[in-house]
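A short worksheet on the structure shown next.
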Amino acid sequence: MTDTRFDPSSADGRWQRAWEEAGTFTADSYSEKPKSYVLEMFPYPSGRIHMGHVRNYTMGDVLARYKKMRGHEVLHPMGWDAFGMPAENAAMEKKVHPGTWTYANIEAMKSQLKRIGFALDWTREFATCDPEYYGHEQALFLDMYEGGLVYRRSSEVNWDPVDMTVLANEQVIDGKGWRSGAEVEKRKLDQWFLKITDFAEDLLDGLGTLDDWPEKVKLMQENWIGKSSGLEFSFGLSNGEKLPVYTTRPDTIFGASFCAIAADHPIAQGLKDDPEVAAFIEECKKGGTTAAALETAEKLGYRTGITAKHPFTGADLPVFIANFVLMDYGTGAVMGVPGHDQRDFEFATKYDLPIARVVAKDASQADAPMGDEAESGDGVIVNSDFLDGMSVEDAKAEVIARAEDGGWGKGTTVWRLRDWGISRQRYWGTPIPFIHCEACGIVPVPKDQLPVTLPEDVDFETPGNPLERHPTWKHVDCPLCGAKARRETDTLDTFTNSSWYFLRFASQPADKPFDADEIAKWMPVEHYIGGIEHAILHLLYARFWTRALAYLGKFEVKEPFAALFTQGMVTHETYGRSVDEKPVWYSPEEVERTSDGATLKADGEPVDIGRVIKMSKSKKNTVAPDAIIANYGADAARWFMLSDSPPERDLPWSEAGIEGCWRFVQRLWRLFDQIDESATGEDKALARKAHQAIVAVADDIEALSFNKAVARIYELTGAAEKAAPSEARNFAIRTVLHLIAPMMPHLAEEANAKLGNTALIANAEWPSHDPAMLVEDEVTIAVQHMGKLRDTLTAPKGASKEDLEALALASENVQRSINGAAIRKVIVVPDRLVNIVT
RNA sequence: GCGGGUGUGGCGGAAUGGUAGACGCCGGGGACUUAAAAUCCCCUGUCCUUUGGACGUGCGGGUUCGAGUCCCGCCACCCGCACCA
């Protein structure tokens, strides 16, 4: 061949078309082969692929292509998480319909993805805003309703009075709407909920089976579910009412010196006629939306004048309204034990309440004074009547037992996890398939009338939910009685769309959401790859939906994702200057980077090189994948994504790095040209390296240690380049070609074709290795004196301890170091080292 | 505050308790060329009295013949949660 350069601008597209025409990556649900389901979290169609996507999808792609080479039937699909706010924002700003905007973005991103050469089964592509998809989602939602997992109740929401919309907590900034800047109100609205709490225990237990999930993610989910156990009991109040409280420390009950209730607790609300109480409650509501405010927030209380009778001592404890008690956890009321709870301690200190010790290191410390903070640790119960001398654990059990025997309380489990509120007062989402009828109440839309589609003729000129103000859409007849009725105008939280998309990828019949046999074939996902930002919500919701659908008898899968991998971010240096004391940022294209600094191309003056941080528009430190692929080709970009940084860590993008990848692509291209069929002769060392690399690269890919696989390939490449022509060298070169095939598929196909192979290398088998060739016959032995390296020597593998010791003692360097001292001991690790101790 | 993670050359990072720095990037020197690009070769942790040696994996201790790796105590940075009773 005469080409001295690999030209991706012609090769990339050629092979992408070849794969597409051959249907190389179309998954066959009825294949006899073992299956692999490789999935990356599907993207929101913002309109353009960023480097984070490229990294994410390259990792999955290498796995998918590798598994295929290993003889697996691979399902590697792609689609679009296409509902959500940005489309509505675009509609308002650009006067374009959310659907038009979204589908145009999908087209743009799809063509970008295709240019990177991902081994995706595009026949299964869908967008969650396709009526077909959300129609099936509505059907599943109705099934959940029938199964008792859906309910409606009044719930407090963040209401933006200007945009006339409900805001998520993270859209409320300092008590104001993020878009309108208006003061956010708390409003009670009837909202739809999914009963995720029914599955709290199962979702928690299931974490124990997820051996291939990062510990960190499991821990985050565990904390989010937040199981705690304790005692719920009621205080009798001086006003004749009962005050139920929940505590995880019933063992400290004798240390209780006050009670505290939340500002929105019914008892507090009942005292609102007193203007002082009303003012205090108002103050509690205002305080603290931001994290910083919460941290520094002072414990504030209002003494109600009501007292609570202690169930054992009969003492009268003052009841406070307090800003640190939350209505929506436990009973919204607590017993205050200042000695052994830090919040209670701070509160008691401020309001001069008794701080009693009821837990001590040992019985003799019963009267030890309290320090300047609460003691929440373990110990022995003291000053507590019948509990004295018990361990904390025994005392908890004893108090719960007495409460249950006495009928005034019971052991309880409390969860932090709340039911999932799924109502959104927005247009661009899945319509909730219900009808409100005066006579019949809430009526599900009959399944044969699904999908309930979104109306096309909507305007975004005025604030509020376009579905609500649409002239005709919501007016329907009741499916039961035929009377005039009203459609539900709320749409589903977009997290519901991503809670089952992996099922629809696996199976997409027209008449139902999925087919049980196909689900059984493909699920669970073997490799799920995405960002850590989805550690809790998306992954918990998807686990819940899978359980809920299994509970409804749809299939038997419980955990959708057998293995989870959370990849790091793509980062870049930042370039900036301080202009009038305000930072001004420059993009990498505007800057000339030299080895010791950077200058602005526009004026030639230096700019400051800032921290290496996640690529973001605001800091202008982004690099567009499009431009990179146009300049260097898809394979160099893919190789960069896999090189150097371990995949779970951040990857710093650099111009020099991509240049290096480009050079390597060309190096390989030249190497693949050097197969010499007429070459004869052996090169056992090189052959051994090739066999070792086959095993090592496979192991590294399976462990997702792509950076190590890359290093191995560099090594074998270097060795093959240096070697003289031989059969072994031809073998090594062919091996490199196959090892890089999952990573740099275009280069691999082009070289493979040049070598006269008519079959696609994408369909090739992973090279097999000879186990006998993995073993070295000579090893390098380190020789140490007192643990310090003095020499190295070469010995046959498996040499005896005696031989190695003799060889080591024969070393000049070793003798010089020993310098005649008496040898006390010689440690020999066969095939590794000899350490002489004097 | 609680929980988790990370710390190794100029940089990204390798290293079953056994030769620290594989591999890549940057940098330096050389070859080829009229010249450049491309390519190839060599060097590249610090220091010293340089056929050798000392020091060196955030800091301080410890275990061990031997510690980046194990144990104890610190420091720094990053991430998550946040008054959850």
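Here is how names work: the chains are called A, B, and so on, in the same order as the sequence lines, proteins then strands, and each is numbered from 1. Just so it is clear, the model here is predicted, and its values are computed rather than measured.
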Handout entry: B/rG13 and B/rC25, which share atom name P, separated by this distance in whole Å
Key = 16 Å

Problem - Sugar-phosphate, base or nothing in reach of A/Arg670, heavy atoms under 4.0 Å - result: sugar-phosphate

Fill in the blank from the handout: Walking RNA chain B from its 5' end, the first of A/Glu715 and A/Trp224 to be reached, judged by nearest nucleotide, is A/Glu715

Handout entry: Close approaches to RNA chain B from residues 250-267 of chain A, in residue order (heavy atom, under 4.0 Å)
Key = none

Handout entry: Dot-bracket line, read 5' to 3' along RNA chain B, where crossing pairs take [ ] and | marks a partner on another strand, Watson-Crick or G-U under 3.5 Å
Key = (((((((..(((.....[....))).(((((.......))))).((((...))))..(((((..]....))))))))))))....

Practice task
Rounded to whole angstrom, note down the C1' distance from B/rC55 over to B/rC41.
Solution key: 32 Å

Practice task
Could you identify which residues of residues 811-823 of chain A place a heavy atom less than 4.0 Å from some atom of RNA chain B, listed by residue number, or say none?
Solution key: A/Arg816

Problem - Heavy-atom donor-acceptor pair, A/Arg55 side chain to A/Gly568 backbone, under 3.5 Å - result: yes

Practice task
For A/Leu537 and B/rG80, give me the distance from atom CG to atom P, rounded to whole Å.
Solution key: 13 Å

Exercise for the section: Select base, sugar-phosphate, or nothing to describe what A/Arg663 touches, counting heavy atoms under 4.0 Å on all strands. Expected result: sugar-phosphate

Problem - Contact list for residues 697-708 of chain A, test side-chain hydrogen bond (donor to acceptor under 3.5 Å, both in side chains), sequence neighbours left out - result: A/Tyr66-A/Glu702

Practice task
Indicate yes or no for a side-chain donor-acceptor contact from A/Asp341 to the backbone of A/Arg343 under 3.5 Å, with no hydrogens or angles considered.
Solution key: yes

Exercise for the section: With the side chain of A/Ala656 defined as its heavy atoms from C-beta on, choose the nearest nucleotide among B/rG4, B/rC26, B/rA82. Expected result: B/rC26

Practice task
Please check if the side chain of A/Asp791 supplies one atom and the backbone of A/Ser811 the other of a donor-acceptor pair under 3.5 Å.
Solution key: no

Practice task
Please state the P separation for the pair B/rC40 and B/rC26 - nearest whole angstrom.
Solution key: 13 Å

Problem - Nearest-Å distance once atom C1' is located in both B/rA35 and B/rU44 - result: 28 Å

Handout entry: Annotated protein contacts, base or backbone, on nucleotides 12-19 of chain B with a non-hydrogen cut-off under 4.0 Å, one of B, S, - each
Key = BSSSB-BB

Handout entry: P atoms of B/rG56 and B/rC47, separation to the nearest Å
Key = 15 Å

Problem - Nucleotide B/rC81, atom C1' - distance to CD1 of A/Ile532 in whole Å - result: 13 Å

Practice task
Using only side-chain N and O atoms of A/Arg790, determine if any of them is under 4.0 Å from OP1 or OP2 of B/rG66.
Solution key: no

Practice task
Could you check A/Asp328 against A/Met220 and say which one's nearest nucleotide on RNA chain B is further toward the 5' end?
Solution key: A/Met220

Problem - A/Lys788 side-chain proximity, nearest of B/rG24, B/rC83, B/rA54 - result: B/rA54

Handout entry: Rounded C1' spacing from B/rU46 to B/rG10 in Å
Key = 13 Å

Problem - Listed partners of A/Tyr351 passing ring pair (Phe, Tyr, Trp, His ring centres under 6.0 Å), at least two apart - result: A/Phe320, A/Phe347

Problem - Rounded P spacing from B/rC23 to B/rC78 in Å - result: 33 Å

Exercise for the section: Write down the distance separating the C1' atoms in B/rU57 and B/rG17, rounded off to the nearest Å. Expected result: 15 Å

Exercise for the section: May I ask you to say what A/Tyr246 touches in the nucleic acid, namely base, sugar-phosphate or nothing, with a heavy-atom cut-off under 4.0 Å? Expected result: base

Handout entry: Cation over ring face, A/Arg416 and A/Trp224, 6.0 Å, 45°
Key = yes

Problem - Candidate nucleotides B/rG4, B/rC83, B/rA22, ranked by approach to the side chain of A/Leu219 - the nearest - result: B/rG4

Practice task
Using atom CG of A/Asn323 as one end and atom C1' of B/rC84 as the other, report the distance to the nearest whole Å.
Solution key: 15 Å

Completion exercise
Whole-Å distance, A/Leu204 CG to B/rC84 P, equals 19 Å

